Amino acid sequence: MRAALAVFRKELLDALRDRRTLLMVLLSSVAMGPVVLVLISTLVSGVERRAEAREVLVVGIEHAPTLRNFLERQTYTVKAAPAGYEQLLKDSQLADPVLVIGAEFERELARGEAPLVEVVGSSANTRAQGGVGRMLSLLRGFNREQAVLRLAVRGVSVDALEAIQVEERDLASPATRAAQLAFMVPFFVLMAVLYGALTAALDTTAGERERGSLEPLLMNPATPLALTVGKWAAVACVGMLIAVLSCFSFLPGQWLLRSETLAAMFRFGPGEAGAFLLLLLPLAGALAALLMAVAIRCKTFKEAQANATIVVLVVSMLPLVGFLNQGGEAPWHLWVPALAQITLMGRVLKGEALGAVDVGVPLIVSALLAAACLLYVARMLRAAAVK
Amino acid sequence: MIEVQGLAKRFVQGRGRRARTVQAVDGVSFTAADGRITGLLGPNGAGKTTTLRMVAALVVPDAGRVVVDGVDVAARPAAALARMGVLSDARGLYARLTARENILYYARLHGVPDEAARQRVEQLAHTLEMRPLLDRRTEGFSQGERMKTALARALIHDPPNIILDEPTNGLDVLATRALRAALRRLRDEQGKCIVFSTHIMQEVERLCDQVVVVSHGRTVASGTVAELAARTGHRDFEETFVSLAFTADEQAHGEAPR
C-alpha cells in the first residue's frame with residue numbers, strides 16, 4: 001500500500017511535469033464545451049431566423065402581378081433573386097429556393113393556358129431544399145384559388161373539386177432537428193476522457209520499458225501488483241481530472257447559447273454535470289486500466305500508440321450502435337462500457353432521471369474491467385521488464 | 001553475503017515451429033563475502049546478466065538457489081531485495097524528475113523515512129561526487145551522470161549487498177576511475193559485499209578481491225587474480241582469462257562463443 005502510494009505520487013508528478021502534452025489535452029477538453037455549443041447554436045439560430053423571415057426569392061415577378069398579389073396576401077415578402085442564383089445554389093451559398101416566372105405568365109394565365117413556373121433548388125444543397133416544399137405548397141394554394149374562382153364564374157360548387165380534405169401537420173419545430181446535435185456532447189466528453197488518460201497510460205507502461213526504467217523499478221521490494229495499482233491510480237486521476245474539467249466547461253458554455261429553443265432544450269446545470277461525472281469517473285478508471293493493459297505488451301511508446309488506436313477506434317465507434325440500432329435502446333447497451341455511458345448521458349440531457357440499476361450496472365462492469373486489466377498488467381510486468 | 005548455488009535458466013525464443021530454446025545459464029555457483037569486491041568475469045553472452053537478474057529476483061531460476069544474508073531469494077524476494085542494491089543493465093531514469101527526485105522515489109519504494117532519505121541523499125552525493133547534479137532534471141545527463149544517479153538510487157536504502165551489472169559500460173576513463181574509487185570506499189569504509197559483472201579484464205585486475213570466471217553459462221574458475229594466473233601458468237591476466245573462458249577451438253578461430 002505504501003509502495004503503491006509512492007508510485008502514485010511519482011507518476012502523478014511526472015504526468016503533471018509533462019506540461020506540453022497536458023496543456024494540449026486540457027485546452028482541447030476545456031475549450032471544447034463552449035466551442036461545440038457555439039457552433040450548434042449558430043446553426044440552430046440560422047434555421048430559426050430563416051423560418052421566421054417568410055421571404056420568397058423570385059425571378060421575373062414583374063410579369064406576374066396576380067401571383068405577387070397572392071404571395072403578399074399570404075404575408076410573404078417578395079424579393080428579387082440575386083444574379084447568378086443557379087451557381088450560388090449549386091455552391092450552397094444561397095439558402096432559399098428561387099421561383100422563376102416566364103415573361104408571358106399574366107397573358108397565358110388570363111387565357112387559361114397554364115403558364116409554366118419553375119422552383120429552382122438543388123438536392124445537394126440541403127439548406128435550400130428545406131424551403132422547396134414550402135414554396136410548392138404556396139404555389140398549390142395559388143392554383144386552388146384560381147381554380148375556385150374559375151369554377152365560381154361558371155356556377156360550379158367548389159366542393160366538386162375536392163373529394164377529401166388534406167392538411168399537413170408537422171410536429172417538429174424547425175430547430176428540433178438541429179438541436180439533436182446537442183446530443184453529440186456526451187460523445188465529445190467521452191473522447192476527452194479517453195485522450196486525457198492515453199498519454200499517461202502509455203508513459204507508465206510502454207514508456208517505462210522503452211527508457212529502461214522498468215527493470216530497476218522491479219528490483220524494489222514492492223510487489224508488481226502494488227506498482228501497477230499505483231500507476232493506474234495516477235493515470236485514472238489524470239483521466240478523471242479531464243472528465244471534471246470537460247463536464248464543467250459546458251456550464252459557462254451555456255451562456256453563449258444564441259438560440260432560445262436550444263437554450264430551452266439543452267439544460268445542463270450543476271445537477272447534470274454531477275450525473276455526467278457519476279457516469280464518467282468509473283469509466284475513466286476502466287479505460288486507464290485497459291490502455292495500460294494494451295500498452296504493457298509494447299516495447300516502445302510508438303508501438304503502444306499504434307495499438308492504443310484500436311481502443312480509441314472502438315470507443316469512438318460504439319456510440320454509432322445507438323444511432324444505427326433501429327430498435328432504439330436495448331437493455332444490453334448498459335453492459336457495454338462507453339456505450340452505456342453515452343446512452344445514459346443522452347438520457348440525462350433529455351431530463352430523464354437515472355435509476356440505481358442504470359448507474360450500478362455500468363459501474364460494476366467498469367470495476368470488473370479495471371480489475372481484470374490491472375491483474376493482467378501486474379502479471380506481465382516482470383516478463384515485460386526482461387524482454 | 002551472497003551465496004549462489006547451481007543456478008540454471010533456459011529461455012524459449014520464438015513461437016510454434018520456430019521456437020528455439022537457449023540455455024542461458026547452466027550451473028553458475030559462487031559466494032561473495034562481505035567487505036570484498038567479487039567480479040563476475042565472462043565474455044559477451046556468457047550468462048552474467050541473466051545470473052544477476054536471478055539474484056535480484058527478476059527472473060525465476062529453473063534450478064539452483066540464491067541466498068542473500070541467509071534469506072532465500074525464491075522464498076522471500078521482498079526481504080532479499082531489501083538487503084540488496086541493484087544497478088541493473090537497464091538504468092533508465094525519469095527525465096522529467098530531478099536526480100534528487102529520482103533517488104527519493106526509490107527511497108519511498110523501500111520504505112525509508114523521508115528525513116533519513118534526505119540525509120542519505122546528501123551522503124551518497126558526497127560519496128559519488130554528484131552534489132551539483134542533484135537538483136537538475138535528468139534529461140540531458142551524460143552517461144557518467146546517469147550512472148551516478150542510478151547508483152545512488154540503488155544504494156538509497158543503504159543495502160549491505162551491492163550488485164552491479166557492467167557498471168562501466170559507456171563511461172569514459174575519468175568516470176570509470178571515479179566509480180572504482182567509490183566502490184573501494186564502500187568496501188573499505190562500510191564493509192559492503194559488492195558483486196559486479198564485466199567483460200573487461202583491467203577492471204577485474206584493478207578492483208577485485210575475488211574473480212569468478214563465467215563462460216557458456218557456467219562457472220569455470222574462481223579465486224584471486226594471482227591464484228588464477230598461477231593455476232593457468234600465465235603471467236598476463238588476459239592470457240589467463242582467455243585460456244579459462246574459451247575452448248581451444250574458439251581461441252583458434254578468434255571468436256567469442258554465442
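A, B, ... follow the sequence lines: proteins, then strands. Residue 1 opens every chain. Treat the numbers as computed from the prediction; the structure is a model and nothing was measured.
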Any idea which heavy atoms bring A:Leu218 and B:Leu81 closest together, and the distance? O-CD1, 4.1 Å
Region of B:Ala57 in contact with chain A, defined by heavy-atom distances below 4.5 Å: backbone
Tell me, for A:Glu208 versus chain B, whether the close heavy atoms (under 4.5 Å) come from the side chain, the backbone, both or neither. side chain
Contact summary for B:Tyr105 and A:Ala6, nearest pair of heavy atoms: CE1-O, 3.7 Å
Locate the shortest heavy-atom distance separating B:Asp89 from A:Glu215; write the atom from each residue and the value. N-OE2, 4.2 Å
Using a 4.5 angstrom heavy-atom cutoff, name the option from B:Arg137, B:Arg153, B:His157 with the most pairs to chain A. B:Arg137
Looking only at B:Gly111, B:Ala107, B:Ala150, B:Ala154, the option with the highest number of non-hydrogen pairs under 4.5 Å against chain A is B:Gly111
Can you check whether A:Asp203 reaches B:Tyr94 side chain to side chain, under 4.5 Å on heavy atoms? no
What heavy-atom pair brings A:Gly212 and B:Ala90 nearest, and what distance separates the two atoms? O-CB, 3.4 Å
Compare every heavy atom of B:Tyr106 with every heavy atom of A:Pro216, then report the nearest pair and how far apart it is. C-OH, 3.2 Å
As an exercise: rank B:Leu97, B:Val86, B:Leu58 by heavy-atom pairs under 4.5 Å with chain A and give me the winner. B:Leu58
Exercise: identify the closest heavy-atom pair between B:Arg96 and A:Arg17: O-NH1, 2.8 Å
Segment of B:Arg91 engaging chain A (4.5 angstrom heavy-atom cut-off): backbone
